Amino acid sequence: MPTALTVRGLDEDLVRRLKLRAARHGRSMEAECRDILRQALANEPQDFRALASSLRQSLADRAHRPAGEVMAGVRAETWAALPGTAPEGGGA
């Protein structure tokens with residue numbers, strides 16, 4: 001079932017450009033708005049599962065390390081950058 005959408009607060013220049021674009025494409029402003037929205041959202045995942053799947057695919061070829069391992073490295077670098085300090089449990 002079609003749903004109505006009202007957009008308030010558009011500045012005059014935006015409305016003018018929308019009218020011109022609609023005229024160039026030979027359609028109403030309403031039809032032009034529908035097409036703009038359709039195009040803008042065409043590649044958006046429609047739900048969480050689709051988004052998660054897309055993210056997994058984009059990260060599939062990357063090497064992964066456990067978070068604890070990454071954080072241990074960050075802590076060691078932080079301590080090493082502070083003069084005269086040593087990490088807890090480490091000598092010196």
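Hydrogens, waters and symmetry mates play no part in the numbers below; they use all other heavy atoms, side chains included. Just so it is clear, the model here is predicted, and its values are computed rather than measured.
- Listed by chain and residue number, Arg27, Ser28, Arg34 satisfy the side chain to side chain contact (heavy atoms under 4.5 Å, CB included) test with Ala31 (two or more places apart in sequence, or in another chain).
- The hydrophobic cluster containing Leu37, built from Ile/Leu/Val/Met/Phe/Trp/Tyr side-chain heavy atoms closer than 4.5 Å, also comprises Leu5, Val7, Leu10, Leu14, Val15, Leu18, Met29, Ile36.
- Using a distance-only test at 3.5 Å, with no hydrogens or angles considered, a donor-acceptor pair links the side chain of Thr78 to the main chain of Val74.
- With sequence neighbours excluded, no residue forms a salt bridge (charged side-chain N to carboxylate O under 4.0 Å, His left out) with Asp61.
- Sorted by first then second residue, the salt bridge (charged side-chain N to carboxylate O under 4.0 Å, His left out) pairs that include residues 3-13, not counting sequence neighbours, are Asp13-Arg16, Asp13-Arg17.
- Residues meeting the side chain to side chain contact (heavy atoms under 4.5 Å, CB included) test with Ala52, sequence neighbours left out: Phe48, Arg56.
- With sequence neighbours excluded, the residues satisfying side chain to side chain donor-acceptor pair (under 3.5 Å) with Gln39 are Asp35.
- Contact record, Pro83 with Ala81: CD-O, 3.5 Å, taken as the closest heavy-atom pair.
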Anything under 3.5 Å between a donor and an acceptor, one on a side chain of residues 62-73, the other on a protein residue two or more places apart or in another chain? List them.
{"residue": "His64", "atom": "NE2", "partner": "Leu59", "partner atom": "O", "Å": "3.4"}
{"residue": "His64", "atom": "NE2", "partner": "Arg62", "partner atom": "O", "Å": "3.3"}
{"residue": "Arg65", "atom": "NE", "partner": "Glu69", "partner atom": "OE2", "Å": "3.0"}

